[in-house]
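Worksheet for the structure shown next.
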Amino acid sequence: MEKAYNPVVMERRWYDFWERRGYFNPRGQGAPYTILLPPPNVTGTLHMGHAFQHTLMDALIRYHRMRGADVLWQAGSDHAGIATEMVVSRQLQAENQSRDRLGREAFIARVWEWKRQSGDTIERQMRRLGASADWTRSVFTMDEMPSRAVLECFVRLYDEGLIYRGQRLVNWDPVLQTAISDLEVVNQEEDGTLWTILYPFADPGLRGPDGRPGLEVATTRPETLLGDVCVAVHPDDERYLAFIGKTLILPLAGREIPIIADDYVDREFGTGCVKITPAHDFNDYEIGKRHGFAPLNVFTPQAAVNDEAPERYRGLDRYEARRRIVEDLKAQGLLLASQPHKLQIPRGDRSGEVIEPYLTDQWFVSMQRLARRGLDLVERGEVRFVPENWINTYRHWLEHIEDWCISRQLWWGHRIPAWYDRQGKVYVGRHEAEVRLKYDLDETIALTRDEDVLETWFSSALWPFSTLGWPDETAMAARGYEHRLPSSVLVTGFDILFFWVARMIMMTDHFTGRVPFHEVYITGLVRDKDGQKMSKSKGNILDPIDLIDGIDLAALIAKRTTGLMQPEMAERIAEATRREFTDGIPAFGADALRFTFAALATGGRDIKFDLQRCEGYRHFCNKLWNAARFVMQKIESGPAAGNSGRGVLEAGVAERWIASRLGATIAAVDEAYAAYRFDLAAQAIYDFTWNEFCDWYLELAKPQLAAEAEPDRAAATRRCLITTLDALLRLIHPFMPFISEEIWQRLKPHLEAAPDSLMVAPWPAAGGRDPEAEAEIAWLQAVILAVRGARTELNLAPGKPLPVVVLGGSDIDRRRWHQHETWLCRLARIAEATWQAGGEPPPDSALALAGDLRIAIPLAGLIDREAEIARLGGLLEKAEADAARSAAKLANARFVTHAPPAVVEQESQRLAQHRATGDRLRAQLKTLGVLSPSDPP
RNA sequence: GGGCGAUUAGCUCAGUUGGUUAGAGCGCCGUCUUGACAUGGCGGAGGUCACUGGUUCAAAUCCAGUAUCGCCCACCA
C-alpha cells in the first residue's frame, strides 16, 4: 500500500465497479427499505445543503443494504417551473431573444434542451459524492409516467369538487406575470412612508373631529387610492360615530364613497380611518365582501395604472403613479403628513419582485378536508417527525391553511387539463376526446385548452406514488408499488415542510389511503463558518465538488464572482475569499467530506460548515489508511490463526478486549442510526478507530507479533487484526464508502467467504461484552498513563527506559503486572521492575499512582527534587479537596438517608480512595524530606 | 403579536431517564524524526455550563422568570 492516503486516485475506481454490478438496484430480497430522493431542480448544481442531505441518505441506504434490506433509493429530478423558466429566459435575454417572441412551442423545446444538458449535472455530482441511488429508475417530474399521475389527480380532485376555478385575489408577480402561492411570498420588513391624506366630506358643511372638512386616512400605498370603494372606521370609535353612513369625495378620482363601520379597524393605529381597496389588498377584499362592495381593479397585469383610473394616471407604473399622486395631493392641500414607517413588503421568493394582490381567474385546491386528514395522520404518529417538535410548526400551518392556488401563468410545466367553449364554460378531463365524451360535446363546439400550467409543487406532492407508476396497474406492479409505499424515511430540510412534505402527506393519503413515509428526518441548514446562510449574492457559497477535488484561489474567486445579480459586490467577495482561502481549498476527498457532514449532523439543527473540521477528517482517513497499511504488512508476514474455535480460544486478553470494544462500538452505532444521530455514530467510529484500535490495540499487538517464541500468539494476533479491520471497515463504509472499499479489497484475500464488494457485505453484529478483558486492559492503561504522566511532567527523557520499584498493590495487581510486563515495559518505557512488599520507596524517586499501586522511579541525581515536590503537592491538594468534598457529602444526614444506598456506598468508597491517595502522597513527600506537608483532612 | 430553537473550553459542538472531578474535535503549550501514520506519537493547559430564583440529599440536566441571538408564522392601513 502507498504510504499516504490519496483520495483523488482512489475514489474514481469504485463507483463504476459498484454500479456495473447493479448494487444500486434493489436486490429483491429482504424487507423493503426505501428512500425518495427529494428531486433536485434541474436549474442548478449541487450545493452544500444537497451534499449534506445526500450524504445522510446514502449512509442510511448503505447501512440498511448491509443489514440485508431490499433497498431502493429512488432518484429523480424536478422541472421547477418558475425557476427553470427564469433561467432559460435569462439565457434568451443574453441572446437578444425573448420568451414571448419565441412563442410557446419553441420556448418549451428550448427548455427541454436546457433540461437535457443540465439535468445530468446533479447526477454527476451525486456520483462523485458516492451516492448509491438507483439511476435506472430515475424519474423526471415531466416524464410520461408522473405526468399521467398529475392528470389523473387533477381530474379526480375536480370531479370530487376539491379543485375549483374562480376569480380571487391572489399573489401576483407583475414582472413574471403569474400568480404564486402564499408560500412563495416572503415578507420582509422594509422602510416605507405612512402618508396621511384628507378625504373631504361630500357635504361641505361637515367637519371632522379635528375641525377639518373631511376624514384623515393613513396609508402606505397612496397609489391604490384610485381603487378605493369606501373608508372604514371602528363601530365603537366615538370620534367617528357621527360620520358612519355619510360620504366622502375620493381625492383625485372625484368619486363619492361611503364611510362604513367594521371592527377590523384598529382605533389606535394611524388616524383610525382606513381606506378600503378591495382589488388591491387582502384585508380590504374581505371587508369589501362583507359590506357588498365590488372590487375596483385599477392596475394592469404589469402593475401599471389601468383605464379605470382618471386619465392623468393611466399607463403609469405603480411607483411612478405613487409619486404623481402624492405630488397632486400635496398640490391640492390634501396631504396632511408623511412620516417614515417600517412595513412588511411581500416579495416573490424567486424573482424578488414586490408582489401585488391581484384579481384574476385561477385554479385552487380546497384544503379544509385534506388538511384535517394531513394533521390527523401526524397527530396519530403514522408519520413521525424527527426531531419531533416540528409537529408544532406543521400543526399551526395546517390549522390556518388557505386554499392552494395551483395555476401558474407560465409555459414550462404540466398544462392544466381544462377546456373552454366559446361562452367560457369549463370542462375538465384527461384529454379533449374524454372531455367531449364526458360532457357530451360534439365536434361543432369549439374547445380551447386552458393556457396555464400547474405549479411545480402540485406534481411534487404526488411524488411518493407517481414514481411508482400510479395509476397504471401494470407499471405499479413493475415498480413494486405494494411494498415501496410507504417509503421508510424522508430526509429533507424544514424549508420545504409546507411546500412539499405536508402536501405529500395529504395527497398520498387522499389518492392511495396510505402515508407517503413513516418518518421524516428534518435536517438543518448548512451555513458558512460564521453562521451565515450560503448564497450566491453573499459570495460565500462552497461547491461540494471543490471540497472533494480542491480548487485554487483564482478559480474559486472566479466562481464566486461571475454571474452576480449585483456585479458591484464582486470586489468585496473576492477580497473576503482571498482572506479566508489564502491558498484555495485543498482536496479533501468525498469520504472526508461525507464524514464531516455526518459528524456535524446533530439532531436537526443548522450546521456551520468549517473547513478545519473537514481537514481533521481527512487526517482521520490517513490514520485509517496507515493502520490498514500496518495490518496488511503484519498479516502478510506470517500465518493467521483460523476462524475455528481453537483460534478464538487462543486469543489473548488484548484480542478479547478489542473484540469487546468493537462490539460496544457497533451497538452504539446501531443505536445512533436508529435515532438518526449521525454525529454520535461518527463519533463512536472515530473514537474506536483512533483511540482504541490504533492507540492501544495495534501497540499491544506489536510485541505479540514480534515474539518469535510464541508463533501461536502471533497467529492469533494476525487473525484478530484481520477480523477487527474487516468489521471496522464495514462499520465505516456507510459514511466513507470509497476508502473503506479500497482497503477492504486489499484485505479480502485474507477473508473467508467474502462477497465481491464491501458494499454488499453484511453489517457486523454487535457481539457481547467481555468485562474481564476490559477490566484487565483498563488496569494496564491506568499504569501506563500514570508512569507516562510522571515522566513527562518531570522532563525525563521520554525515550529512555527507566527502572521502577513497585510498592503496595494486591495479589491481582501483582499477577497482572507479571502477566503484562512486556507491554508495561514497552508502552511505559520501563527498563525493569522490582517488587517491594512494603516500606519506603528508594530515596529521591518520583512517584506514579495507579489504583492501589505505587510506582517509584528512582532517579538519584537525575530527578529534579523541587519539581517532584511541587508535582506531588499539586496532586495532594487535589486529593484532599476531593476527600473533603466526599466527606462533606457523607456528613450530611439528609444525603445518607435520602440518596439511594448505591450512591451513598459509591461516595464512601470514593472518600476512602481519596484518603488513601492522600496518605501515599504524604508518605512520598516525607521521603523527599518534606516534613508534614499538611494534616490529613 | 404568537410559535420553535439556541446560549457548555479560544472556536465548532456532544452531554440519553437528575448521581464520580462536565467531554470530543480543532486550535494552543511542551516534547519526540521509536520500523503503520509528523495528515503522526506522548504529555499538558483551558469551563462560575448566559443570568436570577425555585424544586431536590443532589441540577449543565427539572420548573418559573430575565437577557441576548436565530428561525418560522401572523391582516395593523
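Below, chain A is the first sequence line, B the second, and so on; all start at residue 1.
A salt bridge links A:D606 to A:R527: at least one charged side-chain nitrogen sits closer than 4.0 Å to a carboxylate oxygen. Under 4.0 Å is where a charged nitrogen must lie from a carboxylate oxygen, and between A:K608 and A:D530 no such pair does. With respect to the salt-bridge test (charged N to carboxylate O, under 4.0 angstrom), the residues A:E379 and A:R395 qualify. Between A:E189 and A:K342 no salt bridge is recorded (no basic side-chain N to carboxylate O distance below 4.0 Å).
As judged by a 4.0 angstrom heavy-atom cut-off over every strand, A:D695 is placed among residues touching the sugar-phosphate backbone only. If you check every strand for non-hydrogen atoms under 4.0 Å, A:F269 touches a base. Counting non-hydrogen atoms under 4.0 angstrom, A:N892 reaches the backbone sugars and phosphates but no base. Within the 4.0 angstrom heavy-atom criterion, only backbone atoms of the sugar-phosphate kind lie near A:K3; the bases stay farther away. Counting any heavy atom pair closer than 4.0 Å across all strands shown, A:R885 reaches sugar-phosphate atoms only and no base atom. Heavy atoms of A:L194 sit nowhere under 4.0 angstrom from any nucleic acid atom. Among the atoms of the strands shown, base atoms are found under 4.0 Å from some heavy atom of A:C694. Residue A:Y264 is in base contact, counting any heavy-atom pair closer than 4.0 Å across all strands shown. Using a 4.0 Å heavy-atom distance criterion, A:V265 is classed as a base contact.
Straight-line distance from the CG atom of A:D606 to the P atom of B:rC69: 18 Å, rounded to whole Å. Summarising the geometry, the separation between CZ on A:F499 and C1' on B:rC73 is reported as 13 Å, rounded to the nearest angstrom. Distance CG (A:N389) to C1' (B:rG3): 11 Å, rounded to an integer number of Å. Atom-to-atom, CG of A:D182 to P of B:rC72 comes out at 16 Å; the value is rounded to the nearest Å. One interatomic measurement links the two molecules: CD of A:E268 to C1' of B:rA77, which rounds to 14 Å at whole-angstrom precision. For the pair A:L698 CG and B:rG40 C1', the computed distance is 14 Å after rounding to whole Å. Per the geometry, NE2 belonging to A:H396 stands 15 Å off P belonging to B:rG5, to the nearest Å. When the C1' atom of B:rA58 is taken as reference, atom CD of A:E907 falls 10 Å away, rounded to whole Å.
Look at the C1' atom in both B:rG18 and B:rU61: the space between them is 6 Å, to the nearest Å. Using atom P as the reference point in both B:rU7 and B:rG15, the two lie 10 Å apart (nearest Å). For the C1' atoms, the distance from B:rA22 to B:rU8 is 8 Å, rounded to whole Å. Distance check on atom P: B:rG47 versus B:rU33 gives 32 Å, rounded to whole Å. Remark: the separation of the C1' atoms in B:rU17 and B:rC75 is 45 Å, to the nearest Å. Using C1' as the reference atom, B:rG25 and B:rU66 are 34 Å apart when rounded to the nearest Å. Taking the C1' atoms as reference points, B:rU39 lies 24 Å from B:rA45, given to the whole Å. For B:rC4 and B:rU20, the C1' atoms lie 36 Å apart once the distance is rounded to whole Å.
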Intermediate values then yes/no, side-chain hydrogen bond (donor to acceptor under 3.5 Å, both in side chains), A:D262 and A:H291: CA-CA 9 Å; A:D262 193 295; A:H291 297 270; 2.7 Å; yes
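Nucleotides of RNA chain B nearest to A:H619 and A:N392 differ in position, and the one nearer the 5' end is that of A:N392. Where A:A627 and A:D610 meet RNA chain B, the nucleotide closest to each residue was compared, and A:D610 sits on the side nearer the 5' end.
A donor N or O paired with an acceptor N or O is not found under 3.5 Å between the base of B:rU39 and the side-chain atoms of A:K623.
Considering A:F597, A:F588, A:Y686 in turn, A:Y686 is the only one that fulfils the ring pair (Phe, Tyr, Trp, His ring centres under 6.0 Å) rule with A:Y617.
Listed pair A:R613 / B:rU12 fails the phosphate criterion, with no side-chain N or O lying under 4.0 Å from OP1 or OP2. Side-chain N/O atoms of A:W690 include one lying less than 4.0 angstrom from OP1 or OP2 on B:rG41.
Put simply, the side chain of A:R347 does not reach to within 4.5 Å of the side chain of A:V185, judged on heavy atoms.
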